[in-house]
Structures are given as C-alpha cells and as structure tokens.
Protein chains: 4
Amino acid sequence: MTTTSSGKPLRADALRNRAKVLAAAEDVFAAQGTSASTEEVARRAGVGIGTVFRHFPTKESLLEAVLVALLERLAAQARDLASAADPGEAFFGFFARVVAQAATKQAVTDALAEAGVDAREATGRTGPDVKAAIGTLLERAQRAGAVRADIGPSEVTALLAGISYAAGRAGGSDDVLRIAFDGLRPQGGTADQAAARR
Amino acid sequence: MTTTSSGKPLRADALRNRAKVLAAAEDVFAAQGTSASTEEVARRAGVGIGTVFRHFPTKESLLEAVLVALLERLAAQARDLASAADPGEAFFGFFARVVAQAATKQAVTDALAEAGVDAREATGRTGPDVKAAIGTLLERAQRAGAVRADIGPSEVTALLAGISYAAGRAGGSDDVLRIAFDGLRPQGGTADQAAARR
Amino acid sequence: MTTTSSGKPLRADALRNRAKVLAAAEDVFAAQGTSASTEEVARRAGVGIGTVFRHFPTKESLLEAVLVALLERLAAQARDLASAADPGEAFFGFFARVVAQAATKQAVTDALAEAGVDAREATGRTGPDVKAAIGTLLERAQRAGAVRADIGPSEVTALLAGISYAAGRAGGSDDVLRIAFDGLRPQGGTADQAAARR
Amino acid sequence: MTTTSSGKPLRADALRNRAKVLAAAEDVFAAQGTSASTEEVARRAGVGIGTVFRHFPTKESLLEAVLVALLERLAAQARDLASAADPGEAFFGFFARVVAQAATKQAVTDALAEAGVDAREATGRTGPDVKAAIGTLLERAQRAGAVRADIGPSEVTALLAGISYAAGRAGGSDDVLRIAFDGLRPQGGTADQAAARR
DNA sequence: TATGAATGAGGTTTCATTCAT
DNA sequence: AATGAATGAAACCTCATTCAT
C-alpha cells in the first residue's frame, strides 16, 4: 500500500504524511469513536485538513484504510504463528491476542457497518488474507486435535468478532474467553472426540 | 412506562403517539444505525419533529427509551420461561431467541456506548430486571446439569451480547451459536460432566 | 380593560385567569427578560398554555398588555401626587420612584422596541394618560419654580426612560439621579433662577 | 484584533472576511436588534454561514466582538480629544457624539446584558480603555471648571448610557441632552460655581 | 372555557468536502 | 504537495401558535 489509487508512486514526504495521518486516525477513532471529526485527525497528525483529504478523499476511505491496516497487522501475527511448535497453543494464543486488541478494531468495524459498507467488500484483498492465515492456524490446530473438526475459518472469524465485542463493551471478563475456548475444543461423545484421541 | 417524568398520566392520544414514536425509533435505528436523524424517526412515525422532542427531550433520551423497551421485552420473555418444564431447553431457547432478535438491539447498545453513557446506568432499574431473570433461568439450568456450574449471570450476559453482535454483523451462522452452547455446557472431566451424565 | 377585544364581558373565572397571567408575565419578563417563553408564563400563572393564548392571542399582545398595566400604574401614582402640598417634592419624588421601579419596566420597554412595535402606538390610549399626569406634575412644579420652565412632558418622559435604563443596566448609582435633578432645576443666570429665588 | 485566539496571524483573505462579517453584524444588530439571526449576518456579509462561525464560534462571541469594536472606536475618539484646546468643549463634544451614535451600541449592550454576560468582563481590556479615556476628558474639563467636580468616570459612563438610550428609543430630542449637560455643569451655590466664574 | 399535545419554521452549531493561496 | 479558509447541507433543539379533547 505504498501507492495511490492512480498507481503513481508517492514522494517520500507524501508517504510520510500518509503514515502520520493513518496512525493519527487509528488513535483518534479508537479513543473517540468513529464519529470523531476528520479535523481532529488532522490536528493529531500535525497536518492540514487538506492533506488528509488528499490522501483519503472521503472520510469513509480513511476509516477503510484504518481497518485494512489493522487487518494486515492481524494477518501478519497469524502468519508468524503458523509455524509455531504447538499448533493448539498457537491458535488459542492468537485468538486471545486479537480479543485483547479489540477496543480499537471495534470502533472501525462498527463504522464501516454503519456506513452501510460491507466490511468484506471494503477490505478488498486484505480480508481473505486474514481469513487464509486464520485458516492455516485453524487447520493445524484441528489436525493436532486441539480444536473441533466441524468448523471452518468463517465460524472462527465470526466468533472472534463476537468475543471481541463482548470484551470491549460488555466488560467481559476472561470467563467469556474461557467459554469460547471450551466451545472450540473437540466435544465429548462425538466423532470429533474420537479424532482428538487418535 | 405510561407516565411522563412529571408523574402525570398522559392523555390517550399522547400515549398513542409516544408508542408510535418509540416503535418508529426502534425500526429506524435498527435499519440505519443510531446516527439516523431524529427527523427520520418523526417521518416514520408520521408525527411532527416537535412531537418527538416533546416525548423525548433529547436524542439520547430517545435512544435510552428504545433500549429500555427492548430490555423490558427481554426480561418478560425470560420470566415467561422461568417455569418451563425443561430448564436446559428454557435456557438455551432463550439464548437463541435473543440472538435472533439481535439486529435491533445491537444498534441501540452501540449508540449508548458511543454516546458516552454507560448502558448499565442508563437502563436504570431495567438492567437488573433482565439480569435477575437471566439469573433465574441460569440457576435452574445449572441445577439440572444442563449448564456448567462455574459461571454467573454476568458471563451469560456478556456472551449473549457478543454472540448477538456476531449474528448481526459478522454474518455468523448457527455454527457460532452451536460453539457457544457447547462452551456453556458442563465440560468433560469435571464434576459437571458427571452431573450431566446422571 | 375588563373586556376582550370582542367587547363581551368576561366571566368571573376568565377575568381571574387574565389577571393571573398578566401578573405572572410581569414577574417572568422582569426576571428573565422578554425572551422568556410563553410557556414559562403559563407555568408561573398556574394555567395551561392555551389559556394564555386565549386571553392574549400573540406573545406581542401579552407584552403590550404588561406594558399597559405598568403605565397605568404609573399614571395612577402621578395622579395621586397631583394635589400634594409641595409641587417640587411631588415631581422629583415621582421621578425617583419611577426610576426605582425600572428593572421590570425596562424589560418590557426593550421588548416592544425590539419587536419592532412603536411603544407610543402600542400603548394606545394609556400613553397619553401617563403623559397627561406627568404634565400636570411638571406644570405645578414649574409654576412653583422647582423645575426649569423650558421643557415639556416629552422631555421629562424621555429623560425618565434614559435614567431608568441607566439605573437598571449600567449600575447607575444615585449620583446619576442627582445629575438629572440638577439638570432639571432652573438654571443659573436666567429668568428661571430668578423665579427659583423668589 | 488581527489574530485569532490561537495567536496565529490570519491570512489576508481571512482577515478581509472577518472584517466583512463584523461590519455586517454591526449593521444587522443595529437595524433588527440582537435577536437577528446569524444567518442574516452572513447574508449581509456575503459569506456562507460557516464562515461566520469559523471566525466567531458562537453567536455570543460575535456580539461581544461587535461591542468590543464599538468601544474601541469610542476610546479612540476620546483619546483624539484628550489634547483639544478647550477641555469643556472636548468633553461635551464627545458626549454629544457618543449619543448620536447610540442606536447601534444600544443593541449590543442590551444583548450582552441579556445573555447574562457582564459587559465589563466580556469586553476584557477594552472597557477600562474607554473609561480611562473618558476619565482623562473628564478630569481636564473639571480642572477647567466646565464640569462639576463631584462626579467620576463611572457616573459619566452611566449617564452616557442612559441618555443614549433615551436618544435611541424614546425619541429624545436635543433637549434631553441639554438637560444632562446642565446637570453636569458646576452647580450654583457651591465651590464649583465659584470656579466656573473665574 | 381550559387544557396541553401537536406542529413546523427557524435558530445555532458541526463537519465533510472544496478550492484559492 | 500542503495548507486552512470557505462552504452549505443537515443535525439537534426551541417556541409561538393551533387544535383536538
């Protein structure tokens, strides 16, 4: 993501400003919600409002960019864990870490949802990246018998969102995370369990 | 909720309008999010904007009223199930029903959170009602061995919120609900499981 | 002023309400300025808003009525003093008393001026009454040599308004009143002064 | 007043617009009273409503700015006369000129009073400037025996306000001004008078 | 006649976006 | 490319006035 939509490479200073704006936006939206003003983002970034709009022609595109950045970071974390020694630990560790980061992401996910933009469409090719990375973690954990076999990446992603929400808003304690983990593990008395024992 | 804050009973027509506004607000906020305009609510209700503000002097108070109405409805449903024959079925049935209704409630819960109002405080005495009713369902299900014994109403409520969110936003299928249910059941290898098998 | 504009006599209870509203309006406008809401007047009067509008079909007419009532009271006070023993004392005493009451009257005078209504027209036949009563006091004081001879009721009224304003807003002390009095007395080196020394 | 509250100098075009808005506000408030809408001010200034609020973030701050501008102008006029040849003429000339300008100033003074803002506080350091300049004029006139010795700047200011009000509202003729002048001159039978005759 | 609920124009203020500097 | 002033639509809310009860 080092070029504009027009495909032309950005000058060094422009690139630096783009990064400053993005970082500021992440902070501001996390702190004040997505209804924070674009001007506030500019102020925090230390640039003029015009500069924000030069890089992100609408507020929605700014929110989208923040979301993409977050998802990219998540995907990277997932890929880092893809070759960990203990697949189960890798999977659940990733899950827990995402939930812990939820406060910020929540704001942005909400925003896009509210703006009437489907998150999956907005995130373009980043969404699949995350899903693919999660899929890898999931498969390894399932093969190791640490996670039930009858679910796929979509279910994991949805559950991740829900538990993150609970953690951010409902003041959910670790107990909620524990319940989710128990639900994700192979369940007793089923074919899953048999597979887990193998 | 048939009186104003001043304690005087409302005239029949006023009461009817209040209900119309509340219903419209529920629809509008569910459909467009809580940033929908008050004027849109008035339009949908078929009343003048002044009427909305007569009944709910600020937008926040309108959002609050919508939330309270929703919670009241939930509490009533929970109470209805408190004496059902099968406590486990009652508990899980309630959970599933709430999640199914989630689209609307989500909008409002978000709104209050964003508005800086603590949902638990805003809902005044309605929140406790819901929690109490859920507590009753939970206890009965735990005593019957249908639900794990190491959680309380707070965890259930938080999980309810999270799964509802997943259902409303992340397009969570029934699989997510199934995972949550499995996590809520007595877990293998513990005293709970023994109780469950009895 | 015991009839409506339609000429029909008011029922006893209607008359009582009219008086209550008028008194409340005086209080409210004096305390909060003329931008106070009509609803506030109704509340203070202990009647419904509809009742206020039944008696005074517009807010302007209510302000006008308050002003008329005030002027009537002033005229009565002036008439009471018309036969006082000392004409000079009567004149200056009246002047001082009016200024002391100014706070309330100010609000209303301003209001009418702001509302684009010419005070002289609005007050209809009451204005002349006041002016006539002031004229009588003035003439007697002039004949007694206590007030300069080269001014008429119009100048006295204007000065009265100005000094009242100063008293109400500019925090004018008694000194301002003293200056006005000195300016109103027969001035040195003229026929007036001779008369004053007689 | 060539900078914003943030201390940064304004761009040339912004400065021009600020002046246009201020001038328009003076006109509009003078003509229609302080309850005139901000939109009317924008229309008269030929700018968008947003521009008005960029320069004056609330209506009250706009009213305040108009008042400050007026007081500054008055202070400048007073200072110009501070070294005039005839101190008495300077003092009374100033007084007369202020009264002649009264229509506009009245509107604004009223406004601030109504808005619950103490004019003296709101005007910051401009109020004292005016009073100081008036004080200089007064002292010189008193030393020259043209004005009575037993009053100070506060009394002059209050009287100024009152007579201005009379001139603007009550249709006061020059006679009222004459009365005030006579009251301000050294009064017969006192040390003042002796000084005046010298 | 009295009441107060309903109305909607209009007021202040915010903010995403555009454009001159 | 960067800036920030200008714009105006739209939001929330008030209040004089009308009208059904």
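Note on naming: letters A, B, ... go to the chains in the order of the sequence lines (proteins, then strands), and numbering restarts at 1 for each one.
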Can you tell me how far [atom2] of [N] sits from [atom1] of [X], to the nearest Å?
{"X": "D/Lys20", "N": "F/dT7", "atom1": "NZ", "atom2": "P", "result": "8 Å"}
{"X": "A/Phe56", "N": "F/dA2", "atom1": "CZ", "atom2": "P", "result": "12 Å"}
{"X": "C/Phe53", "N": "E/dT7", "atom1": "CZ", "atom2": "P", "result": "17 Å"}
{"X": "C/Ile49", "N": "E/dA5", "atom1": "CD1", "atom2": "P", "result": "12 Å"}
{"X": "A/Lys59", "N": "E/dT14", "atom1": "NZ", "atom2": "P", "result": "15 Å"}
{"X": "D/Arg54", "N": "E/dA16", "atom1": "CZ", "atom2": "P", "result": "13 Å"}
{"X": "C/Leu62", "N": "F/dC15", "atom1": "CG", "atom2": "P", "result": "15 Å"}
{"X": "B/Gln32", "N": "F/dA11", "atom1": "CD", "atom2": "C1'", "result": "14 Å"}

Who are the side-chain contact (heavy atoms from CB on, under 4.5 Å) partners of A/Arg54, not counting sequence neighbours?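 Testing A/Arg54 for side-chain contact (heavy atoms from CB on, under 4.5 Å), a comparison that skips the adjacent residues, returns none.
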With a 4.5 Å limit on heavy-atom distance, are the side chains of [X] and [Y] in contact?
{"X": "B/Val21", "Y": "B/Leu62", "result": "yes"}
{"X": "B/Glu64", "Y": "B/Phe56", "result": "no"}
{"X": "D/Leu70", "Y": "D/Arg73", "result": "yes"}
{"X": "C/Arg16", "Y": "C/Asp13", "result": "yes"}

Under 4.0 Å between a side-chain N or O of [X] and OP1 or OP2 of [N]?
{"X": "B/Asn17", "N": "E/dA6", "result": "yes"}
{"X": "D/Thr51", "N": "F/dA5", "result": "no"}
{"X": "B/His55", "N": "E/dA6", "result": "yes"}

Do you know the tightest heavy-atom contact between [X] and [Y]?
{"X": "D/Ala14", "Y": "D/His55", "result": "O-CE1, 3.4 Å"}
{"X": "B/Asp27", "Y": "B/Arg44", "result": "OD2-NH1, 3.5 Å"}
{"X": "A/Lys59", "Y": "A/Ala36", "result": "NZ-O, 2.8 Å"}

Map A/Asp13 and B/Asp13 onto DNA chain F by nearest heavy atom, then report which one ends up closer to the 5' terminus.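 Its nearest nucleotide being more 5', the pick is A/Asp13.
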First encountered from the 5' end of DNA chain F, between B/Arg16 and A/Gly48: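 So the residue in question is A/Gly48.
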Where each pair must be Watson-Crick or G-U wobble with both distances under 3.5 Å, what dot-bracket representation of DNA chain F is obtained, with crossing pairs in [ ] and other-strand partners as |? .||||||||||||||||||||
DNA chain E: B/Val52 or D/Gly50, which has the more 5' nearest nucleotide?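 Looking at the nearest nucleotide for each, B/Val52 comes out on the 5' side.
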Using a 4.0 Å cut-off on heavy atoms, which residues in residues 36-47 of chain C reach DNA chain E? List them by number, or say none.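 Going residue by residue through residues 36-47 of chain C, the ones with a heavy atom under 4.0 Å of DNA chain E turn out to be C/Val47.
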Please step through side chain to side chain contact (heavy atoms under 4.5 Å, CB included) for the pair D/Thr58 and D/Phe53, ending with a clear verdict. CA-CA 7 Å; D/Thr58 63; D/Phe53 276 90; 5.5 Å; no
